[in-house]
Novice: 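There's a structure below that I have some questions on.
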Amino acid sequence: MSKGSNQKLKLSILCKIMQEKTDDEHSLTLAQIIKELQAYDITAERKSLYDDFKCMEDNLGIEVIKEQIGRETFYHVGSRAFELAEVKLLIDAIQSSKFISKSKSDELIKKMNTFVSEHQAKQLKRQVYVNDRIKTMNESIYYSVDAIHTAISSNKQIEFLYCSWTLDKKLEPRKNGQKYKVSPWALTWADENYYLVAYDSAAGKVKHYRVDKMMKLSISEDRREGEEHFKNFDMTTYALENFSMFGGEIRRVHIEFPNEKVGIFIDRFGKDITIRKAGEDRSMIAVDVAVSMQFFGWIFSLGNDVKVTGPADVVDKVKESARGFLESYE
């Protein structure tokens with residue numbers, strides 16, 4: 001058998017064919033594999049393929065499984081870096097996240113398809129519909145995140161334009177286009193947005209910025225400042241106070257509710273909350289929240305059978321907010 005012109009690429013192309021064409025439900029015979037290689041102008045003999053399969057498994061971590069069906073012997077790739085269910089889960093997360101723009105979602109999903117066979121990729125052509133989903137419109141966010149990580153690892157300050165939305169739906173730089181200069185210390189994810197937590201030397205305090213509203217970000221040659229503020233920094237508490245829908249003073253609040261609404265509170269505060277009986281068909285919890293108008297609005301949205309029962313001053317604030325809410329509609 002004469003050698004094909006792409007013979008040096010044989011192992012690489014064989015890996016590509018096996019990963020694209022086979023999976024647990026789709027296999028190829030040796031004759032079919034040889035024919036696939038010929039399409040790339042690569043020749044192969046049965047014995048050499050046995051050696052190639054062993055090399056793929058021993059050196060490349062690509063498992064090739066042999067299966068006898070009747071008189072035919074079939075081969076397919078076994079375990080992969082990502083199982084099909086895992087790829088589906090990641091694609092769902094990409095599609096449902098407002099942090100990732102529509103064009104970037106499409107790009108990432110196309111890349112995710114390379115982790116499965118062409119047969120499995122057909123199953124990935126499903127859509128996840130999320131009501132009122134808002135996709136970010138700032139494509140530069142991906143490069144900003146990368147630059148921020150670089151600045152943090154190299155202990156440098158950053159400069160950027162910080163923007164706000166205008167009525168004509170455009171991002172407009174604040175401070176008349178004057179650049180912000182801060183020392184980046186952490187990136188955090190909250191309420192489907194990326195935030196930079198940084199030290200502002202001019203203001204002498206820790207501040208945070210929405211990464212999707214940062215433009216023309218560059219890394220400065222100046223070293224970071226404000227390290228003393230982050231030695232014992234509690235990111236969880238900071239995020240609760242500043243990023244969640246409950247931004248405000250952290251208080252332990254008692255909430256009483258009908259038993260059928262327990263899922264709302266488990267979804268919001270997690271399974272670790274302690275649930276106590278509070279009467280017939282009613283329960284109560286005590287949780288730490290940042291008391292604010294957003295918190296009151298959330299409580300009101302749950303209905304009249306959900307009540308804040310303590311502490312007394314928070315109960316008073318809830319009642320005051322309820323009166324204000326009703327007056328605004330009179």
Side-chain angles (χ1 to χ4, degrees), residues 1-97 99-129 135 139-143 145-147 149-150 153:
M1 183 180 290
S2 61
K3 297 289 185 180
S5 61
N6 289 329
Q7 208 64 28
K8 291 182 179 179
L9 301 176
K10 179 187 173 188
L11 184 60
S12 175
I13 298 298
L14 178 61
C15 290
K16 180 177 184 292
I17 290 169
M18 295 302 293
Q19 289 181 314
E20 288 185 355
K21 302 288 184 180
T22 74
D23 53 49
D24 289 338
E25 297 179 357
H26 302 85
S27 302
L28 294 173
T29 64
L30 288 180
Q32 289 172 326
I33 294 171
I34 290 172
K35 185 176 180 180
E36 290 286 345
L37 286 168
Q38 287 173 347
Y40 291 90
D41 199 18
I42 295 172
T43 60
E45 298 177 351
R46 290 173 177 265
K47 186 178 182 305
S48 70
L49 288 177
Y50 300 142
D51 295 335
D52 291 333
F53 290 154
K54 188 174 188 310
C55 180
M56 286 169 60
E57 186 163 354
D58 293 345
N59 301 315
L60 302 176
I62 300 174
E63 178 188 25
V64 177
I65 296 175
K66 176 182 177 181
E67 186 177 11
Q68 191 74 32
I69 302 177
R71 295 184 177 182
E72 288 283 7
T73 303
F74 292 86
Y75 299 84
H76 71 271
V77 169
S79 60
R80 296 172 180 266
F82 290 95
E83 299 298 328
L84 178 60
E86 294 172 329
V87 175
K88 287 181 177 179
L89 179 64
L90 291 172
I91 287 177
D92 286 352
I94 291 168
Q95 289 181 313
S96 62
S97 174
F99 159 70
I100 306 175
S101 69
K102 177 65 169 62
S103 60
K104 180 58 71 170
S105 292
D106 294 341
E107 182 182 330
L108 290 173
I109 290 169
K110 187 176 180 180
K111 291 179 180 179
M112 293 301 298
N113 287 343
T114 64
F115 289 112
V116 297
S117 73
E118 61 183 26
H119 309 287
Q120 293 171 326
K122 294 176 183 178
Q123 298 183 45
L124 301 180
K125 291 181 180 179
R126 59 180 188 162
Q127 295 295 320
V128 177
Y129 295 98
K135 285 288 192 178
E139 287 286 344
S140 67
I141 186 172
Y142 316 107
Y143 307 105
V145 168
D146 184 58
H149 278 301
T150 300
S153 63

Novice: Find the distance between CD (Q7) and CD1 (I42) and round it off to the nearest 0.5 Å.
Specialist: 6.5 Å
Novice: Kindly indicate whether the side chain of V116, heavy atoms from C-beta on, has any atom under 4.5 Å from the side chain of D23.
Specialist: no
Novice: Between CD of Q32 and OG1 of T22, what distance do you get to the nearest 0.5 Å?
Specialist: 11.0 Å
Novice: Search all heavy atoms of M56 against all heavy atoms of V64 and return the closest pair with its distance.
Specialist: CE-CG2, 3.7 Å
Novice: Taking 4.0 angstrom as the limit, do K110 and E107 come out as a salt bridge?
Specialist: no
Novice: As an exercise, state the distance from CG of L11 to CD1 of I62, rounded to the nearest 0.5 Å.
Specialist: 8.0 Å
Novice: Are side-chain heavy atoms of H76 and S117 found at a separation under 4.5 Å?
Specialist: no
Novice: Quick check for you: to the nearest 0.5 Å, what is the distance between Y75 atom OH and I65 atom CD1?
Specialist: 12.5 Å
Novice: Taking all atoms of both residues into account, what is the closest heavy-atom pair of E63 and S79, and its distance?
Specialist: OE1-N, 3.1 Å
Novice: So do the side chains of L89 and F82 get within less than 4.5 Å of each other, counting heavy atoms only?
Specialist: no
Novice: Is any side-chain heavy atom of I17 closer than 4.5 Å to a side-chain heavy atom of Y40?
Specialist: yes
Novice: Is the closest side-chain heavy-atom distance between L49 and L37 below 4.5 Å?
Specialist: yes
Novice: Return yes when atom CD of E25 has more than 12 non-hydrogen atoms of other residues, nucleotides or ligands closer than 6.0 Å, and no otherwise.
Specialist: no
Novice: Distance from L14 atom CG to D52 atom CG, nearest 0.5 Å?
Specialist: 5.5 Å
Novice: Does NZ in K104 sit with more than 12 non-hydrogen atoms of other residues, nucleotides or ligands closer than 6.0 Å?
Specialist: yes
Novice: Do any N or O atoms from the side chain of S48 and from the backbone of E45 form a donor-acceptor pair under 3.5 angstrom?
Specialist: yes
Novice: For D24 and V77, which heavy atoms make the closest approach, and how far apart are they?
Specialist: OD1-O, 4.0 Å
Novice: Just how far is it from atom OG1 of T43 to atom NZ of K10, taken to the nearest 0.5 Å?
Specialist: 7.5 Å
Novice: Taking the side chain as every heavy atom from C-beta outward, state whether M18 and I33 have any atom pair closer than 4.5 Å.
Specialist: yes
Novice: Salt bridge (Lys or Arg N to Asp or Glu O under 4.0 Å): which pairs involve residues 65-84, sequence neighbours left out?
Specialist: none
